[in-house]
Amino acid sequence: MTYGEFDEWKRELLFNGIIVQDADESVPWPDREDRFNRYVKLVEGVKGTEGLEGAVAIIQSFQSPQDYGAYQAAFHALGRFPRETYLAALIHELPSLIQRQPDWAGDLLCGLANSVGTRFERDIAEFRQLLAAAQPSVQS
């Protein structure tokens, strides 16, 4: 993906990541469904080679309290990134995600915590190391 293509992908991802909520009458139903489906398609197309910026963009796309299942595709896409890239993106975006969508921040952290006793358990230690090296504002 070239720089221009990445910028367009990210712009579209962030726009469609605002999942229209049931009570929001400002967006007609066909457009809601189209935006939902486009978001899922955008994250399903992620290969995991898009680098830190790609993983950060996916985390930034968690913008709505109810995702109606769309963000599950994004969680799967994050799993395609190398763990060190994903963990660096998580550390980078966690403070703003906690502010904007604390439940989704919790889901990402729970996913990490659920790696205890699995082959991914080392990710917890790596996350803690990255967090310990982060700015105090990020740590808090």
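Keep in mind that the numbers below use all heavy atoms, side chains included, and drop hydrogens, waters and symmetry copies. Sequence positions, counted from 1, serve as the residue numbers for this chain. Everything numeric in this text was worked out from a predicted model, so none of it was measured.
Linking ILVMFWY residues whenever their side-chain heavy atoms come closer than 4.5 Å, directly or via other members, places Ile124 and Ile91 in the same cluster. There is no path of hydrophobic side-chain contacts, each under 4.5 Å, that joins Ile18 to Leu42. A continuous path of hydrophobic side-chain contacts links Ile59 to Trp9 [ILVMFWY only; heavy atoms under 4.5 Å].
Side-chain N or O atoms of Gln139 include one that pairs as donor or acceptor with a backbone N or O of Ala132 at under 3.5 Å. Side-chain atoms of Glu121 come within 3.5 Å of backbone N or O of Gly117 as a donor-acceptor pair. Of the possible donor and acceptor atoms, none in the side chain of Asp31 sits under 3.5 Å from a partner among the backbone N and O of Val27. Side-chain N or O atoms of Arg11 include none that pairs as donor or acceptor with a backbone N or O of Phe6 at under 3.5 Å.
Going from atom CG of Leu109 over to atom CG of Asn114 covers 11.0 Å, rounded to the nearest 0.5 Å. For the atom pair CG (Leu112) and CG (Leu87), the distance works out to 6.0 Å, reported to the nearest 0.5 Å. Atoms CG and CD, from Leu130 and Glu126 in turn, are 5.5 Å apart once rounded to the nearest 0.5 Å. Here CD1 of Ile19 is found 6.5 Å from CZ of Phe36. Values are rounded to the nearest 0.5 Å. Interatomic distance, CG of Leu90 versus CD1 of Ile58, reported as 12.5 Å (0.5 Å rounding). Between the CG atom in Leu131 and the CD atom in Gln135 there is a gap of 12.0 Å [rounded to 0.5 Å].
Considering every non-hydrogen atom in both Gly48 and Phe81, the closest pair reads O-CD2, 3.5 Å. The two residues Lys10 and Ala57 come nearest to each other via the heavy atoms CG-CB, 3.9 Å. Across Ala55 and Leu78, no two heavy atoms sit closer than the pair O-CD2, 3.8 Å. Of all heavy-atom pairs spanning Leu52 and Ala89, the tightest one is CD1-N, 3.4 Å. Ile98 and Ala105 make their closest contact through CG1-CB, 3.7 Å (heavy atoms, listed as atom of the first residue, atom of the second, distance).
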>> Let's go through Tyr39 and Asp34 carefully: what are the C-alpha distance in whole Å and the side-chain angles of both, what is the deciding distance for side-chain contact (heavy atoms from CB on, under 4.5 Å) to 0.1 Å, and is it a yes or a no?
In response: CA-CA 9 Å; Tyr39 177 82; Asp34 290 345; over 6 Å; no
>> Evaluate Glu44 against Lys41 for salt bridge (charged side-chain N to carboxylate O under 4.0 Å, His left out), listing each step before the verdict.
In response: CA-CA 5 Å; Glu44 284 180 344; Lys41 184 174 181 168; over 6 Å; no
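Because its NZ or CZ atom is both nearer than 6.0 Å to the ring centre of Phe15 and within 45° of the ring axis, Arg35 counts as a cation-pi partner of that residue.
Residues passing the side chain to side chain contact (heavy atoms under 4.5 Å, CB included) test with Pro65 are Gln21, Gln101, sequence neighbours excluded.
Among pairs with a residue in residues 73-92, those fulfilling side-chain hydrogen bond (donor to acceptor under 3.5 Å, both in side chains) read Arg83-Asp123, at least two apart in sequence or across chains.
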Quiz: residues 66-75 side-chain donor-acceptor pairs under 3.5 angstrom, not counting sequence neighbours:
| unit_1 | atom_1 | unit_2 | atom_2 | d |
| --- | --- | --- | --- | --- |
| Asp67 | OD1 | Gly69 | N | 3.4 |
| Asp67 | OD2 | Gly69 | N | 3.3 |
| Asp67 | OD2 | Ala70 | N | 3.2 |
| Asp67 | OD2 | Tyr71 | N | 2.8 |
| Tyr68 | OH | Asp22 | N | 3.0 |
| Tyr71 | OH | Gly17 | O | 2.6 |
| Tyr71 | OH | Ser61 | O | 3.4 |
| Tyr71 | OH | Gln63 | N | 2.9 |
| Tyr71 | OH | Ser64 | N | 3.0 |

